[in-house]
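Handing you this structure, nothing more for now.
First listed ligand is number 1; within each ligand, the first listed atom is number 1. What you are looking at is a predicted structure, and each value in this text was computed from that prediction instead of being measured.
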Amino acid sequence: MPSPLPVEWRVFADADRLAHAAAEILLEIGRQSIVERGRFTIALSGGSTPERLYRLLAAAPYDDQIDWSRVQLFMGDERCVPADDGRSNFHMVSHSLLAGDKPKAAAMHPVRTELGTPQQCAAAYGAELAKLFGVTPPGAWPQFDLILLGLGDDGHTASLFPHAAALKVNDAIVTASPPGVLPPPVDRVTLTFPVLNAARNAMFLVAGANKGAALKDIYQGRATIEERPASGVRPSAGKLIWLLDQAAAGSASITR
Ligand code: 6PG
C-alpha cells in the first residue's frame, strides 16, 4: 500500500473566497483528468458550502473553463426523499450547478430514491457505479477523480454519521444509513470509506464557526473515526485537500 500524500490545508478570508478557490482547483483537476483519461468523474456533496461552489461553476467565467460533455457527475450521498423534494441533494445540484447552460451537458447520475427502501436504493446505485467504473468490489473500487465533501458540526462527512454501522461497511460501494442527529431526519444513502479512500482527489469545503470543535479534533489528529467520521477520509494514493474559511479555522485554532 503506498503511503498517503501529505494533507493540504488552506484557509480563506470568507466562504466566498473559499468557493472561488474550490472552483479553480476543481476545474484544474477536471482538465487534467480529461487530458489523462478522457473524462472527469466527480462525486458531489450536499450542504450549503458546496452549493455556493456549484452556483459559481454554473456561471461565467467558470462555466466556460472545462468541456462539460466529458464530465460525469455522481452524488457522494443522498437523502431518501423524492428528487423534487427541497431536502434532496440532487434537487440542490439541479437548481445550482445544472441550472447553468453549459454544465447541463454533463452526464448526471443521481441516486434513484424512488426505487424502494434505502437498502434497495443503495444497492442499485452501487451496481450502477460498479458498472460505469468497470470494477467489482471488494477487489477493486471506483476511483473518482474528485470527491467533494462537507463537514457536519458533529464531524460527519457524506452521510457517514458518528457511531453508525455505515462506518464499518467495507464490502460495498454504497450503503444505506439511518439519519444522524442533525437535520433533516431522513434515511440516507452514502458512498463508503473504501470508495472515499480510493479517490484520486478528495476535497473538503468547510465554512462557519460551528464546525470548530470537530475540525479541531481532526486537525490535531486526536479524532477517532467513530466520533468524527470525517477523520477517516485519507485517500491511500490520492490527494486530500481541506479548504476552510477563517471562521471555521479560527474556531478550531488553526492558523495558516
Ligand atoms: C448532506 C451532506 C453532508 C454535508 C455536511 C456539511 O447531505 O447534508 O452531504 O455531509 O456536507 O453536513 O454541510 P454544510 O456545508 O451545509 O455545513
Side-chain angles (χ1 to χ4, degrees), residues 12 14-19 21-23 26 42-57 73-83 85-97 110-111 113 118 121-122 125 144 146-164 166-167 174-193 195-196 199 202-215 217-218 223 225 227-233 240-249 251-252:
F12 299 90
D14 53 41
D16 199 46
R17 278 177 233 200
L18 183 162
L26 179 151
I42 321 178
L44 301 171
S45 167
S48 51
T49 320
E51 184 172 0
R52 197 185 283 260
L53 162 66
Y54 302 157
R55 289 191 190 285
L56 283 180
L57 290 170
L73 302 170
F74 298 84
M75 295 307 308
D77 71 320
E78 186 53 280
R79 290 101 180 253
C80 294
V81 294
D85 185 307
R87 296 169 298 177
S88 153
N89 285 339
F90 172 61
H91 181 270
M92 182 273 274
V93 171
S94 307
H95 287 79
S96 51
L97 183 59
V111 177
T113 52
C121 297
Y125 202 48
F144 283 94
L146 176 63
I147 299 186
L148 290 176
L149 294 163
L151 177 70
D153 305 7
D154 58 355
H156 82 260
T157 194
S159 285
L160 296 164
F161 297 108
H163 307 292
L167 302 180
V174 181
T175 189
S177 190
V181 293
L182 298 174
V186 293
D187 282 311
R188 312 296 181 99
V189 163
T190 183
L191 294 180
T192 58
F193 274 125
V195 182
L196 301 185
M203 182 159 73
F204 279 90
L205 310 183
V206 185
N210 50 323
K211 311 289 168 75
L215 192 56
D217 288 348
I218 296 166
I225 294 176
E227 298 274 346
R228 306 292 197 196
S231 67
V233 179
L240 175 59
I241 309 167
W242 283 82
L243 303 187
L244 317 176
D245 76 348
Q246 187 51 52
S251 63

Fill in: Proximity flag Lys211 to ligand 1, non-hydrogen atoms under 4.0 Å
yes

Worksheet item: Hey, are the side chains of Phe193 and Val233 touching, using non-hydrogen atoms and a 4.5 Å cut-off?
Response: yes

Fill in: Close side-chain approach of Leu44 and Leu148, heavy atoms under 4.5 Å
yes

Item to complete: Return a yes/no value for Ala158: is any of its N or O atoms, backbone included, closer than 3.5 angstrom to an N or O of ligand 1?
Response: yes

Worksheet item: Which residue owns the protein heavy atom closest to atom 8 (O) of ligand 1, what's the atom, and how far is it?
Response: Arg79 NH2, 2.6 Å

Item to complete: Specify side chain, backbone, both or neither for Leu151, according to which of its non-hydrogen atoms lie closer than 4.0 Å to ligand 1.
Response: backbone

Discussion item. If we set the cut-off at 4.0 Å for heavy atoms, which region of Ala207 has an atom near ligand 1: side chain, backbone, both, or neither?
Written reply: neither

Discussion item. Side chain, backbone, both or neither: which applies to Glu78 and ligand 1 if a contact is any heavy-atom pair less than 4.0 Å apart?
Written reply: neither

Worksheet entry | ligand 1 atoms in contact with Gly47 (distance to a heavy atom under 4.0 Å) | 13 (O), 14 (P), 15 (O), 16 (O)

Worksheet item: Taking the side chain from Arg87 and the backbone from Pro82, do they hold a donor-acceptor pair closer than 3.5 Å?
Response: no

Worksheet entry | Heavy-atom side-chain contact between Phe90 and Val111 under 4.5 Å | no

Discussion item. Using a 3.5 Å cut-off on N or O atoms only, is Gly46 in polar contact with ligand 1?
Written reply: yes

Practice prompt. Compare all side-chain heavy atoms of Pro162 with those of His156 and state whether any distance is below 4.5 angstrom.
Written response: yes

Worksheet item: Got Val174 and Leu191 here, is their nearest side-chain heavy-atom distance under 4.5 Å?
Response: yes

Practice prompt. Would you mind listing which atoms of ligand 1 come within a distance below 4.0 Å of any non-hydrogen atom of Ser45?
Written response: 9 (O), 11 (O)

Worksheet item: Can you tell if the side chain of Ile218 reaches within under 4.5 Å of the side chain of Ser231, non-hydrogen atoms only?
Response: yes

Worksheet item: Is the shortest heavy-atom distance from the side chain of Arg79 to the side chain of Asp85 under 4.5 Å?
Response: no

Worksheet item: Does ligand 1 have a heavy atom under 4.0 Å from the side chain of Thr49, from its backbone, from both, or from neither?
Response: both

Response to the item:
Here the atoms of ligand 1 under 4.0 Å from any heavy atom belonging to His156 are 3 (C), 5 (C), 10 (O), 12 (O)

Practice prompt. For Arg188, counting its heavy atoms only, list the atoms of ligand 1 lying under 4.0 Å from any of them.
Written response: 1 (C), 7 (O)

Worksheet item: By number and element, which atoms of ligand 1 are closer than 4.0 Å to a non-hydrogen atom of Asp77?
Response: 1 (C), 2 (C), 7 (O), 9 (O)

Worksheet item: Near Ser48, which atoms of ligand 1 are under 4.0 Å from a heavy atom of that residue?
Response: 14 (P), 15 (O), 16 (O)

Item to complete: Please state whether the rings of Phe74 and Tyr125 are parallel, tilted or perpendicular, taking 30° and 60° as the class boundaries.
Response: tilted

